2 protein chains.
Amino acid sequence: MMKSIHDLTEALDRTLELVVLFNDDMQQELARLGLSVPRAHLLWLLHHNGPMTQRALSDALDVTPRNVTGLVDGLAGTGFVTREQHPTDRRATLVSLTEQGATTLAAMDESHKELARRLFADMPSARLASFVSALADVTARLREARS
Amino acid sequence: MMKSIHDLTEALDRTLELVVLFNDDMQQELARLGLSVPRAHLLWLLHHNGPMTQRALSDALDVTPRNVTGLVDGLAGTGFVTREQHPTDRRATLVSLTEQGATTLAAMDESHKELARRLFADMPSARLASFVSALADVTARLREARS
DNA sequence: TATTGTTATACTCTATAACTATA
DNA sequence: TATAGTTATAGAGTATAACAATA
């Protein structure tokens with residue numbers, strides 16, 4: 001069986017459908033925790049790296065320092081993070097998770113695992129492995145196509 | 001081989017990686033055409049449905065009427081659409097693609113096909129079919145998990 | 001009365017540019 | 001002189017609420 005252009009665009013359309021669904025799902029899930037995607041991304045960085053300067057956050061998030069000021073303002077205002085003095089550099093600010101922030105991250109980890117189970121637990125091992133491998137292929141192609 | 005929770009979260013992480021990549025890619029591609037994702041979504045609706053009232057656009061995009069006013073303002077200002085009188089209902093506005101808008105949509109269709117080729121043309125038929133089928137599974141699971 | 005789209009207002013995320021304090 | 005973060009300003013996308021014109 002030859003592949004037609006239709007088969008190829010169908011694969012892309014299905015992929016995009018999943019992309020849109022995941023976006024919506026993420027946004028709704030986070031909204032229930034009082035978070036947006038950019039704010040959750042920042043929290044996630046703190047969760048994995050420990051306290052960070054705003055400069056480091058700016059680099060990691062690939063947004064301007066000004067933008068980080070705004071995100072941290074929001075997260076501090078809603079109790080997820082605190083600003084503290086940098087021990088040696090008095091220009092810099094260290095942003096740390098509060099207990100509430102850490103608790104929220106733990107909840108996100110849990111619901112991440114829960115989602116993984118709901119999506120993949122019933123999938124036969126071989127099928128799952130083949131899916132993951134195909135995903136890796138597509139991801140690599142997309143990366144190439146862009147650089 | 002038993003699946004571990006690690007296998008499941010790895011599958012989810014790979015999926016999310018792809019979601020993020022696609023989002024970035026889409027955004028960059030559209031930016032080159034002078035468009036954002038929400039504006040492109042509106043154009044796409046006009047492309048597939050013909051001229052629509054703002055009310056119909058509001059329903060289809062699932063945003064407020066006020067938001068549609070803003071999106072149409074932007075798209076009209078950059079020459080992608082025009083506002084015209086509704087033939088029978090003098091309250092309503094019909095939004096139509098300009099020639100520039102139609103041309104842009106055609107270009108989007110082309111680059112959509114091009115991307116489909118780059119991502120999937122080299123994939124063996126059987127592997128592609130299995131990937132699409134797994135995507136459909138995951139999409140269905142995600143839909144269930146939410147309702 | 002109900003509907004269409006607008007004005008008024010506000011919040012989040014994003015950017016650039018100018019500035020302060022510190023290194 | 002360079003760096004960290006802020007204030008000032010701006011624009012896009014989102015929302016609610018009040019309102020005008022029309023059905």
Side-chain angles (χ1 to χ4, degrees), chain A residues 20 23-24 26-46 49 51-96, chain B residues 20 23-24 26-28 30-46 51-96:
Chain A
V20 169
N23 278 325
D24 290 356
M26 242 186 301
Q27 213 172 317
Q28 288 187 7
E29 197 73 18
L30 290 172
R32 271 201 267 121
L33 300 170
L35 290 171
S36 62
V37 169
R39 287 184 188 183
H41 191 175
L42 195 158
L43 290 186
W44 186 88
L45 287 169
L46 297 178
N49 298 338
M52 298 172 73
T53 63
Q54 295 193 183
R55 171 65 192 180
L57 287 167
S58 167
D59 288 341
L61 293 167
D62 197 29
V63 298
T64 60
R66 177 59 185 93
N67 201 339
V68 173
T69 298
L71 294 173
V72 172
D73 283 352
L75 286 166
T78 46
F80 291 97
V81 305
T82 53
R83 281 188 172 97
E84 276 148 45
Q85 292 184 341
H86 191 285
T88 65
D89 187 340
R90 294 203 312 185
R91 294 169 305 179
T93 308
L94 273 183
V95 183
S96 311
Chain B
V20 169
N23 278 326
D24 290 356
M26 242 185 303
Q27 212 172 317
Q28 288 188 8
L30 290 172
R32 271 200 266 122
L33 301 171
L35 290 172
S36 62
V37 170
R39 287 182 188 185
H41 191 174
L42 194 158
L43 290 187
W44 186 88
L45 287 169
L46 296 179
M52 297 172 73
T53 63
Q54 296 193 185
R55 172 62 191 183
L57 287 167
S58 167
D59 288 341
L61 292 167
D62 199 27
V63 298
T64 61
R66 177 59 185 95
N67 200 340
V68 173
T69 298
L71 293 173
V72 172
D73 284 351
L75 286 166
T78 46
F80 291 97
V81 304
T82 53
R83 282 188 171 98
E84 275 148 45
Q85 293 185 340
H86 191 285
T88 66
D89 187 338
R90 294 203 313 186
R91 293 169 305 180
T93 306
L94 272 183
V95 183
S96 311

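To find a chain, count down the sequence lines: A is the first, B the second, and so on, and within it residues start at 1. These numbers come from a predicted model, not from an experiment.
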Whole angstroms only, please: what is the [atom1]-[atom2] distance between [X] and [N]?
{"X": "A:Gln54", "N": "D:dT3", "atom1": "CD", "atom2": "P", "answer": "17 Å"}
{"X": "A:Met52", "N": "D:dA4", "atom1": "CE", "atom2": "P", "answer": "13 Å"}
{"X": "A:Arg55", "N": "D:dT6", "atom1": "CZ", "atom2": "C1'", "answer": "15 Å"}
{"X": "A:Asp73", "N": "C:dC11", "atom1": "CG", "atom2": "C1'", "answer": "13 Å"}
{"X": "A:Leu61", "N": "C:dC13", "atom1": "CG", "atom2": "P", "answer": "11 Å"}
{"X": "B:Phe80", "N": "D:dA12", "atom1": "CZ", "atom2": "P", "answer": "13 Å"}
{"X": "A:Gln85", "N": "D:dA4", "atom1": "CD", "atom2": "P", "answer": "17 Å"}
{"X": "A:Leu75", "N": "C:dT12", "atom1": "CG", "atom2": "P", "answer": "11 Å"}

Would you say that more than 12 heavy atoms from the other residues, nucleotides or ligands in this model lie under 6.0 Å from the CD of A:Gln85, or not? no

Indicate, with a heavy-atom threshold strictly under 4.0 Å, whether B:Thr53 touches base, sugar-phosphate, or nothing. sugar-phosphate

Base, sugar-phosphate or nothing for A:Thr93? Non-hydrogen atoms, less than 4.0 Å. sugar-phosphate

All pairs passing salt bridge (Lys or Arg N to Asp or Glu O under 4.0 Å) where residues 72-82 of chain A contributes a residue, at least two apart: A:Asp73-A:Arg83

Protein within reach of the bases, or only the backbone? For nucleotides 15-23 of chain C, mark each nucleotide 5' to 3' as B, S or -, using heavy atoms under 4.0 Å. BB----BBS

When B:Asp59, B:Thr93, B:Leu57, B:Val95 are each screened for side chain to side chain contact (heavy atoms under 4.5 Å, CB included) with B:Val68, the one that passes is B:Leu57

Spatial distance of atom OG (B:Ser36) from atom CG (B:Leu75) [nearest 0.5 Å]: 7.5 Å

Can you tell if the side chain of A:Pro87 reaches within under 4.5 Å of the side chain of A:Leu94, non-hydrogen atoms only? yes

Between A:Phe80 and A:Leu35, is there a side-chain heavy-atom distance shorter than 4.5 Å? yes

For B:Glu84, the salt bridge (charged side-chain N to carboxylate O under 4.0 Å, His left out) test, sequence neighbours excluded, returns none

Considering residues at least two apart in sequence or located in another chain, which fulfil the salt bridge (charged side-chain N to carboxylate O under 4.0 Å, His left out) criterion with B:Arg66? none

Just to be sure I understand the geometry, which residues of residues 30-40 of chain B put a non-hydrogen atom under 4.0 Å away from DNA chain C? none

Output all residues satisfying side-chain contact (heavy atoms from CB on, under 4.5 Å) with A:Gln27, sequence neighbours left out; order by chain, then residue number. none

